[in-house]
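Report on one structure; see the data block that follows.
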Amino acid sequence: MNPVESPVARALVALELVQAQPGITAERLGERLGVSERAARRYVAILREAGIPIESTRGPYGGYRIGRGLRPPPMMFTATEALGLVMAVLDSRPDVTTDGALAKLIRVLPEPVAAQAEAVRRSAATAGPPAARPDPLTTAALVQACSEHRRVRMRYRPGSGPQFETDADPWSVVVRFGRWYLLCFSHRAGARRAYRIDRIAALDALSARFEPPPDLDPMAALEEQLAVGWEYDVEVLVEAPYAAAHPRVPRSLGRLSPAGESQCRLVATTGDPHWYAQQLAAFPVPIRVLGGPELRAAVAAIGQRLSQAAAVEVPHQ
């Protein structure tokens, strides 16, 4: 029997029509089902016998509609749609309620997608509004590639300089302070890299597979990566023991190591010496900038400006 002609199939189609068009008449229902008005009423009766609360109203504005008590059908999301919802919730700075709802959504996703979506949720920093919303399709493709350990080829637009193309082994999608990053091994650079997803102009999944590093901590690896690979060198001597300074120096500012009992050394690179100098100005302990020259100039400029601000005499009222 053709499924379209099956009484069960027609009854299910009838249910869908009543749900989609509350107030639909028996005549209109019969037209949509390709049966008589009397047969349409019979299909409604079949649905009622199955326990589905279908109400009917008489009169010129009457018709069928779903009554109270019907459980909604299960919602089916594609991986892209599901991740789009996750991204939207994370962008809105979730509270306890929305974060709980997000956890429920993740639990009903396919396992590979759910694992990556949960990793994104856990790594999301909600300290501020989203800085740059990436394309959901690109993000979903990267999440899938991460879960399948599948290499990708992408065209990337850096903050400065021309676009370039690289093959990459995508390890994890990480959210930090409103920015979405791909933590990966770049075959072009031959090293670990963190690429902003909103700057990925094109993406293709390749057939090659890879194994991510064991015991990878995506957030820690991202913060360490953000402190290297920039054009300006940083070397700072911190006048405090390593044990006291280490908890106060973010990984994103560089690698901190002991330099004797009462000092430690901070080594990094930066693309913005002025921004880095501002971070150093907030240190609660004395520091000395050993290099490089761009950072020393930026620190000197900030120091001079602050000295001038402190030297301004306020006229007496």
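As a basis for the values below, the full set of heavy atoms in this structure was taken, side chains included, without hydrogen atoms, waters or symmetry mates.
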Apart from Leu306 itself, its cluster of hydrophobic side chains linked below 4.5 Å comprises Ile302

Linking I/L/V/M/F/W/Y whenever their side-chain heavy atoms sit closer than 4.5 Å, directly or via other members, would Leu29 and Val35 fall into one cluster?
yes

message = Hydrophobic clustering (ILVMFWY, side-chain heavy atoms < 4.5 Å, transitive) - are Leu253 and Tyr181 grouped together?
response = no

Smallest heavy-atom separation, Ile66 atom then Leu15 atom, equals CD1-CD1, 3.7 Å

Here the gap from Gln279 atom CD to Thr270 atom OG1, rounded to the nearest 0.5 Å, amounts to 9.0 Å

Residues passing the salt bridge (charged side-chain N to carboxylate O under 4.0 Å, His left out) test with Glu294, sequence neighbours excluded, are none

Hits for salt bridge (charged side-chain N to carboxylate O under 4.0 Å, His left out) against Asp167, two or more places apart or cross-chain, chain-then-number order -> Arg153

The complete set of side-chain hydrogen bond (donor to acceptor under 3.5 Å, both in side chains) pairs with one or both residues in residues 253-264, sequence neighbours excluded, reads Glu239-Gln263

- Query: Is Val249 linked to Leu295 within one hydrophobic cluster, defined over Ile, Leu, Val, Met, Phe, Trp and Tyr using a side-chain heavy-atom separation of less than 4.5 Å?
  - Reply: yes

Students should find that the hydrophobic cluster of Leu290, defined by side-chain heavy atoms under 4.5 Å apart, otherwise consists of Leu237

For Arg41, the side chain to side chain donor-acceptor pair (under 3.5 Å) test, sequence neighbours excluded, returns Glu37, Tyr64

Rounded to the nearest 0.5 Å, the CZ atom of Arg42 sits from the OG atom of Ser36 at a distance of 6.5 Å

Q: Taking Arg192 for its side chain and Leu183 for its backbone only, find out whether a donor-acceptor pair lies under 3.5 Å.
A: no

Contacts of Glu235 meeting salt bridge (charged side-chain N to carboxylate O under 4.0 Å, His left out) (sequence neighbours excluded), chain-then-number -> Arg265

Quiz item: What's the verdict on side chain to side chain contact (heavy atoms under 4.5 Å, CB included) for Ile287 and Leu266, showing C-alpha distance, side-chain angles and the deciding distance?
Solution: CA-CA 10 Å; Ile287 61 171; Leu266 178 62; over 6 Å; no

For Glu224, the side chain to side chain donor-acceptor pair (under 3.5 Å) test, sequence neighbours excluded, returns none

Joining Ile, Leu, Val, Met, Phe, Trp and Tyr whenever any side-chain heavy atoms lie under 4.5 Å apart, the cluster holding Val267 also takes in none

Checklist entry - Does Thr166 reach the main-chain N or O of Ser186 with its side chain, forming a donor-acceptor pair under 3.5 Å? => result no

Note to self: Quick check: is Val173 connected to Tyr156 through a chain of hydrophobic side chains (ILVMFWY, heavy atoms under 4.5 Å apart)?
What the structure shows: yes

On a heavy-atom basis, the closest approach of Arg157 and Ala201 is NH1-CB, 3.2 Å

Shortest non-hydrogen pair, Asp198 vs Pro134, comes out as N-CB, 3.9 Å

CD1 (Ile54) and CG (Leu47) are apart, to the nearest 0.5 Å, by 4.0 Å

**Atom CD of Glu16 with >12 non-hydrogen neighbours under 6.0 angstrom** = no

If you look only at distance, which donor and acceptor atoms sit under 3.5 Å apart when one is on a side chain in residues 209-216 and the other is two or more places apart or in another chain?
from	atom 1	to	atom 2	distance (Å)
Arg209	NH1	Glu148	O	3.0

So the salt bridge (charged side-chain N to carboxylate O under 4.0 Å, His left out) pairs with at least one residue in residues 268-279 (sequence neighbours excluded) are none

To the nearest 0.5 Å, atom CZ of Arg65 lies from atom OG1 of Thr57 at 5.5 Å

Ring pair (Phe, Tyr, Trp, His ring centres under 6.0 Å) pairs touching residues 244-299, sequence neighbours excluded, are Tyr242-His246

Tightest non-hydrogen contact, residues Ser147 and Gln144, listed as OG-O, 2.7 Å

Check your understanding: Under a 4.5 Å side-chain heavy-atom rule over Ile, Leu, Val, Met, Phe, Trp and Tyr, are Ile200 and Leu206 clustered together?
Key -> no

Rounded to the nearest 0.5 angstrom, the NE2-CZ distance for His187 and Arg193 is 13.0 Å

Value for CG (Leu17) from CZ (Arg10), rounded to nearest 0.5 Å, stands at 12.0 Å

For Met154 and Leu203, the nearest pair of non-hydrogen atoms, with its separation, is CB-CD1, 3.8 Å

Tightest non-hydrogen contact, residues Leu182 and Ile197, listed as N-CG1, 3.8 Å

